[in-house]
**Student:** 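Take a look at the following structure, please.
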Amino acid sequence: MKRDFLDLSSLSADEFNGLLTLAARLKAELKIGVEHPHLRGKTLAMVFQKQSLRTRVTFEAGMAQLGGHAIYLAPGDIGIGERESVKDVARTLSRTVDLIMIRTFAHQTAVEMAHESRVPVINGLSDLLHPCQLLADLLTMRERHGSDLSKIRVAFLGDGFNMAHSWIEAAALGGFELRIACPAGYEPQKAFIDRIRREELGVITDDPAEAIKDADVVYTDTWTSMGQEKEAAKRRRDFKEFQLNKAMLKRASRDALVMHCLPAHRGEEITDEVIDGPQSVVLDQAENRLHAQKAVMVWLLRPEIMQVVAPRAGN
């Protein structure tokens with residue numbers, strides 16, 4: 001049966017841990033020059049409705065390292081929903097490629113793409129979720145804290161948007177404590193708020209100092225995402241107390257990791273001295289997009305490889 005990668009919630013615990021284990025192995029092999037052409041002869045179509053640096057480069061480089069080929073389709077190349085319907089794009093592409101990645105605005109576009117496609121579809125980012133980024137983030141955390149993340153305290157400061165939603169899904173799988181701090185009116189969607197409370201994953205607060213206290217990981221993201229540019233001035237006012245600066249960071253654990261998914265608006269959600277400081281792992285996160293996404297592509301097209309390198313828990 002065809003699998004897609006649209007979110008983290010659809011993963012089992014074994015699949016979640018297996019993806020991270022496979023990503024770590026692919027990274028280690030790359031570092032010592034061991035080739036892993038697991039997707040030789042396969043083709044990835046990369047459909048973009050949003051601008052991108054890390055998503056495009058890491059998927060394209062990753063497919064090349066796996067022995068396959070990637071095709072970049074810029075926003076103007078297709079015109080999804082205007083020049084062509086999502087249905088027609090999905091059905092056409094799945095006749096000629098083995099895998100589709102879409103970076104889009106409405107999450108429903110990714111859902112419809114997956115429904116209509118005969119080949120696996122990866123959510124490279126939507127306004128609801130960013131699962132690829134979270135896999136890279138969790139890989140980064142495991143490199144610093146070990147594979148058991150259950151005792152880690154994560155503080156997320158900022159907008160209750162797609163990254164916050166994916167952090168809630170990740171907390172459910174990883175078993176760590178999650179504290180989300182955002183201004184009133186910028187909370188995550190109700191379904192995600194209900195989940196964090198129902199499953200006792202952590203807290204949602206409008207007090208950043210409360211969220212960051214003794215945190216092991218401090219995460220922030222842009223206050224104004226693509227498509228929200230008209231709200232930028234208001235958002236800067238509303239979020240000004242949520243800036244991750246040196247004084248705010250002192251409230252976290254002494255060795256807390258500083259994380260940001262990039263691109264960063266320096267001087268807004270995070271200061272230069274923090275993002276460039278010794279506790280920052282933002283470039284490790286960016287690099288780990290490559291390895292995490294390679295693991296996802298291998299899992300979708302060659303699942304038997306993940307089963308070999310990442311046996312079921314307890315085996």
Side-chain angles (χ1 to χ4, degrees), residues 1-28 38 58-59 62 66 99 101 107 110-111 114 120-126 128-154 156 162-178 180 188 191-192 195-196 198-202 216-217 219 257 259 261 281 284-285 287-315:
M1 179 181 292
K2 176 179 83 81
R3 291 294 305 267
D4 301 297
F5 184 73
L6 302 182
D7 53 44
L8 296 180
S9 290
S10 61
L11 297 176
S12 68
D14 285 337
E15 289 169 335
F16 171 71
N17 289 310
L19 282 169
L20 291 173
T21 300
L22 177 57
R25 178 186 141 173
L26 294 173
K27 181 175 182 177
H38 301 308
T58 51
F59 269 108
L66 291 169
L99 192 61
M101 184 282 296
H107 186 70
V111 172
V121 173
I122 299 170
N123 175 11
L125 175 139
S126 71
L128 185 71
L129 297 166
H130 199 352
C132 289
Q133 180 66 54
L134 255 295
L135 274 187
D137 296 337
L138 295 168
L139 177 60
T140 306
M141 288 167 55
R142 282 169 54 128
E143 290 173 341
R144 300 300 181 105
H145 289 290
S147 59
D148 182 6
L149 300 178
S150 63
K151 293 181 173 57
I152 300 298
R153 293 160 295 194
V154 177
F156 179 93
N162 51 9
M163 286 303 305
H165 294 157
S166 283
W167 269 110
I168 292 169
E169 292 192 337
L173 284 167
F176 52 82
E177 180 184 352
L178 176 64
I180 296 177
F192 291 93
R195 182 174 186 183
I196 199 172
R198 182 178 66 252
E199 299 182 26
E200 299 182 343
L201 304 175
D216 303 296
V217 174
Y219 204 106
L257 302 180
M259 306 184 80
C261 57
V281 292
D284 293 338
Q285 295 172 253
E287 177 190 345
N288 281 338
R289 287 285 301 277
L290 171 68
H291 313 297
Q293 289 160 188
K294 285 167 66 176
V296 170
M297 292 190 288
V298 169
W299 170 61
L300 290 173
L301 294 181
R302 298 283 308 280
E304 72 278 4
I305 292 174
M306 191 174 84
Q307 293 167 6
V308 170
V309 302
R312 292 178 60 85
N315 287 359

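Worth knowing before you read on, the calculation uses all heavy atoms, side chains too, and leaves out hydrogens, waters and symmetry mates. Owing to the predicted nature of the structure, the values given are computational and were not obtained by experimental measurement.
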**Student:** Rounded to the nearest 0.5 Å, what separates atom CD1 in I168 from atom CD1 in I180?
**Tutor:** 4.0 Å
**Student:** Quick one: does D284's side chain get under 4.5 Å of R144's, heavy atoms only?
**Tutor:** yes
**Student:** Do L300 and K2 touch side chain to side chain, with heavy atoms closer than 4.5 Å?
**Tutor:** no
**Student:** When you compare the side chain of M297 with that of L99, does any pair of heavy atoms fall below 4.5 Å?
**Tutor:** yes
**Student:** Is the shortest side-chain heavy-atom distance between D216 and L257 below 4.5 Å?
**Tutor:** no
**Student:** In terms of relative ring orientation, are Y219 and F156 parallel, tilted or perpendicular, with 30° and 60° separating the classes?
**Tutor:** parallel
**Student:** Assess the side chains of D148 and S150: does a donor N or O sit below 3.5 Å from an acceptor N or O?
**Tutor:** yes
**Student:** Of all heavy-atom pairs between L173 and L11, which one has the smallest distance, and what is that distance?
**Tutor:** CD2-O, 3.8 Å
**Student:** What is the distance from atom NE2 of H145 to atom CG of L138, rounded to the nearest 0.5 Å?
**Tutor:** 11.5 Å
**Student:** Is it true that the side chains of Q133 and N162 contain a donor and an acceptor less than 3.5 Å apart?
**Tutor:** no
**Student:** Considering non-hydrogen atoms only, spot the tightest contact between V121 and A114 and give its length.
**Tutor:** CG2-CA, 3.7 Å
**Student:** Quick one: pull up CG in L134 and CG in L129 and give me the separation to the nearest 0.5 Å.
**Tutor:** 9.0 Å
**Student:** Is there a side-chain contact between K27 and K294 (heavy atoms, below 4.5 Å)?
**Tutor:** no
**Student:** With rounding to the nearest 0.5 angstrom, report the OG to CG distance, S12 to N17.
**Tutor:** 8.5 Å
**Student:** Taking the side chain as C-beta and beyond, is there a heavy-atom pair between F176 and V217 under 4.5 Å?
**Tutor:** no
**Student:** If I compare all heavy atoms of N288 with all of E143, which pair ends up nearest, and what's the gap?
**Tutor:** ND2-OE1, 3.2 Å
**Student:** For a quick test of reading the model, state the closest non-hydrogen atom pair linking L6 to H107 and the distance between them.
**Tutor:** O-CE1, 3.7 Å
**Student:** Are the side chains of M163 and D137 in contact, using a 4.5 Å heavy-atom criterion?
**Tutor:** yes
**Student:** As an exercise, state the distance from CD of E287 to CZ of R289, rounded to the nearest 0.5 Å.
**Tutor:** 13.0 Å
**Student:** I need the Q293 CD to M101 CE distance, nearest 0.5 Å.
**Tutor:** 7.5 Å
**Student:** Tell me the closest heavy-atom pair linking A136 and A292, and the distance in Å.
**Tutor:** N-CB, 3.8 Å
**Student:** Closest heavy-atom contact between L19 and M306?
**Tutor:** N-SD, 3.5 Å
**Student:** Please state whether the rings of F192 and H165 are parallel, tilted or perpendicular, taking 30° and 60° as the class boundaries.
**Tutor:** parallel
